Amino acid sequence: MEIKQQRKKPDYGYWIIALIVFGIINVMLYNSLVKQQVKEVGYNVFMEMIEEKGISEANIESNKIVFKDKSGNIYKTGIIEDEDLYKRLYDSGATFGSKIIEQTNPIIYYAVTFLIQIVLLYLLWRFITKRVFKKMGDSKDMLSFGLGEGKSNARVYVKSENGIRFSDVAGEDEAKDLLKEIVHYLHAPEKYTEIGATLPKGALLVGPPGTGKTLLAKAVAGEANVPFFSISGSEFVQMFVGMGAAKVRDLFKQAKEKAPCIVFIDEIDAIGKKRDSTLTSNDEREQTLNQLLSEMDGFEGNTGVVILAATNRPESLDPALLRPGRFDRRIPVELPDLKGRIDILKVHAKKIKISDNVDFETLAKTASGASGAQLANIVNEAALKAVREGRKVVQQDDLMESVEVVIAGYQKKNKVLTNKEKLVVAYHEVGHALVAALQNHSAPVTKITIIPRTSGALGYTMQVDEDDHNLMSKTEMLNKIATLTGGRAAEELIFNEITTGASNDIEQATKYARAMVTRFGMTEDFDMVAMETVNNQYLGGDTSMSCSPETATKIDSMVVSIVREEHSKALQILKDNMQKLHEIAKYLYENETITGEEFMDILNSKENTLLSHED
């Protein structure tokens with residue numbers, strides 16, 4: 001049976017637009033090349049040119065006089081009653097009576113118009129060709145018409161004895177152990193082939209930003225001493241359909257030529273998002289993803305190309321990308337623990353001149369929750385501070401101050417608080433510290449300051465745990481909420497007034513209380529039922545409710561009840577220790593900063609000194 005091919009209808013719209021454009025260009029060219037510009041002059045100029053016999057031709061109309069000089073230039077002037085005009089024109093040798101022709105030789109016009117129309121036709125043909133190939137998705141034809149080279153543009157790091165090693169990466173021992181197997185395979189693949197084992201083709205590094213995913217990939221290449229191809233997932237996304245797929249093909253072609261090697265795709269979620277059938281689907285991205293899946297699971301056996309990828313949004317990746325045979329090894333790169341932070345600080349401290357008495361353990365405890373990139377920044381900030389102060393060696397105080405810079409920003413030395421504001425901030429911060437210190441299961445207070453910071457904080461209270469805690473009990477969470485409300489409670493007790501300084505405290509307390517109700521099952525009403533889900537756990541952990549509006553209303557009521565109860569507890573603690581509140585606030589007001597030791601000494605002393613809070 002003969003199959004008739006459906007004939008594609010021509011795009012008449014493009015040709016209609018082209019005709020309109022050609023017409024406009026013709027008019028413009030006619031006005032500029034054919035129709036000469038007529039210069040308007042005064043009647044006195046006209047009379048002077050007659051006297052000088054400089055007019056070759058003139059045409060007197062009802063409302064104007066058009067005349068031409070002997071050089072061919074055309075002029076125009078108004079009409080003034082003059083009975084001897086014709087006689088003077090005749091005497092000057094000018095001809096008159098016939099209409100002056102206002103066009104020159106049209107050869108230039110026709111030549112220029114022809115050339116411009118040829119160029120426009122060529123550009124129109126190129127545009128229509130692009131549209132057709134875009135619909136067809138034929139990337140090879142697009143490449144032949146010069147729409148792109150289809151090159152992957154991957155950065156290649158060749159073999160180097162001085163490359164990054166695992167010893168340069170600290171704080172991620174578990175991830176390094178999982179990656180060492182890949183290094184061993186690249187060194188001795190025959191040991192795996194003899195037993196019939198197949199190494200996973202892809203390893204996916206997942207974790208928060210700044211934890212060292214890219215650094216680990218480079219360390220694998222450095223340890224294996226093989227070529228390392230690095231490219232970002234966003235570089236595959238192109239305007240034309242099929243271009244991203246062409247880049248993927250070119251990348252793997254280069255990798256197979258240099259095998260054994262490592263291909264590292266950073267931020268793979270740019271092309272690896274889940275496919276769907278919605279109208280907003282991106283054909284280019286899906287074709288690129290399909291090509292990547294095909295390259296990772298082709299008919300060819302293991303060609304010695306190991307694929308590493310990094311992302312901080314693993315939940316958004318397509319399931320086909322994560323199945324066994326593709327990215328079937330998932331390597332978490334989490335925030336470092338206490339030992340990991342100590343090791344990371346020591347690695348970066350080797351790059352600077354540092355004092356022998358630096359206590360890395362104390363520093364690591366203070367920087368709890370910091371990523372590897374933040375710890376590197378802390379060490380660098382300490383070195384910069386030492387240079388600013390004219391010292392050649394970084395000291396412990398420099399490092400401790402740099403932790404505060406990363407957490408709260410630089411000190412705002414030019415920001416001046418009024419005495420009343422300074423007093424309010426002092427009581428506010430001491431309120432936090434007292435509530436924290438007088439509760440069980442709370443982290444010790446290590447520093448209180450009322451020096452404004454560039455983050456916007458007018459002061460802060462620092463608490464540092466002795467050890468890392470992976471779990472938080474219900475009592476600890478309630479105590480945390482009470483500590484957060486302690487600043488506002490102190491303002492209410494001392495000044496009978498409240499300020500805007502507790503905005504961040506209120507936000508954090510509400511966050512903890514809501515999590516207790518909706519996610520941690522710490523209330524009797526909902527027992528162990530989750531009412532909220534966490535999205536993007538590595539990018540801030542945004543949450544979304546998964547309950548009815550009636551239940552959401554009840555949750556709001558319970559959150560308010562928890563915060564109110566802990567606020568009342570904080571008020572009671574401060575009322576019972578009002579003398580210490582005054583005494584510590586007085587010291588803080590005068591000195592602007594209190595260390596943890598000074599705070600505990602005043603808290604445990606027998607003396608009571610009142611601080612006046614009058615304006």
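No experiment lies behind these values; they were computed from the predicted model shown. This chain uses plain numbering: 1 for the first residue, then up along the sequence. Any value given below was found using the heavy atoms of this structure, including those in side chains, with hydrogens, waters and symmetry copies removed.
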Within this structure, what is the CD1-CD distance for the pair Ile354 and Gln395, rounded to the nearest 0.5 Å? 10.0 Å
Return the CD1 to CD distance between Ile451 and Glu592, rounded to the nearest 0.5 Å. 5.0 Å
Compare all side-chain heavy atoms of Phe599 with those of Leu588 and state whether any distance is below 4.5 angstrom. no
Could you check Leu434 against Leu574 for side chain to side chain contact (heavy atoms under 4.5 Å, CB included), going step by step and ending with a plain yes or no? CA-CA 7 Å; Leu434 270 179; Leu574 295 178; 3.9 Å; yes
How long is the straight-line distance from NZ of Lys511 back to CE of Met516, given to the nearest 0.5 Å? 15.0 Å
Stepwise side chain to side chain contact (heavy atoms under 4.5 Å, CB included) check, Arg514 with Asp556: CA-CA 8 Å; Arg514 182 171 292 277; Asp556 292 339; 2.7 Å; yes
Side chains of Ile268 and Phe327 in contact at under 4.5 Å (non-hydrogen atoms): yes
Tell me which pairs pass salt bridge (charged side-chain N to carboxylate O under 4.0 Å, His left out) where either residue lies in residues 330-340, with sequence neighbours left out. Lys339-Asp343
NZ of Lys422: more than 12 outside heavy atoms within 6.0 angstrom? yes
Would you say that Thr595 contacts Thr446 through its side chain, given a criterion of any heavy-atom pair below 4.5 Å between the two side chains? no
Can you tell me which residue pairs pass the salt bridge (charged side-chain N to carboxylate O under 4.0 Å, His left out) test with a partner in residues 476-501, sequence neighbours excluded? none
Side-chain ion pair, Glu583 and Lys580, N-O less than 4.0 Å: yes
Scanning both residues in full, the closest heavy-atom pair of Ile448 with Ala433 reads CD1-CB, 3.4 Å
Would you indicate whether the side-chain heavy atoms of Tyr512 and Ile562 approach each other to under 4.5 Å? no
Rounded to the nearest 0.5 Å, what separates atom CZ in Phe228 from atom SG in Cys261? 10.5 Å
Step by step, would you call Phe495 with Leu423 a side chain to side chain contact (heavy atoms under 4.5 Å, CB included)? CA-CA 10 Å; Phe495 301 98; Leu423 195 61; 4.2 Å; yes
Could you check whether any side-chain heavy atom of Ile594 comes within less than 4.5 Å of a side-chain heavy atom of Lys447, counting everything from C-beta outward? no
Scan for salt bridge (charged side-chain N to carboxylate O under 4.0 Å, His left out) pairs involving residues 366-390, sequence neighbours excluded, and state none if there are none. Lys385-Glu389, Lys385-Asp398, Glu389-Arg391
Nearest-0.5 Å distance that lies between atom CD1 in Ile378 and atom OG in Ser402: 5.5 Å
Under 4.5 Å between any side-chain heavy atoms of Glu532 and Val517, yes or no? no
Backbone of Ile573 reached by a side-chain donor or acceptor of Asn577 within 3.5 Å: yes
Separation between CG of Leu308 and CZ of Phe264, rounded to the nearest 0.5 Å: 7.0 Å
Taking the side chain as C-beta and beyond, is there a heavy-atom pair between Leu321 and Leu289 under 4.5 Å? yes
Keeping Asn479 on the side-chain end and Asn440 on the backbone end, is there a donor-acceptor pair under 3.5 Å? yes
With a 4.5 Å heavy-atom cut-off, do Thr449 and Glu429 have their side chains touching? no
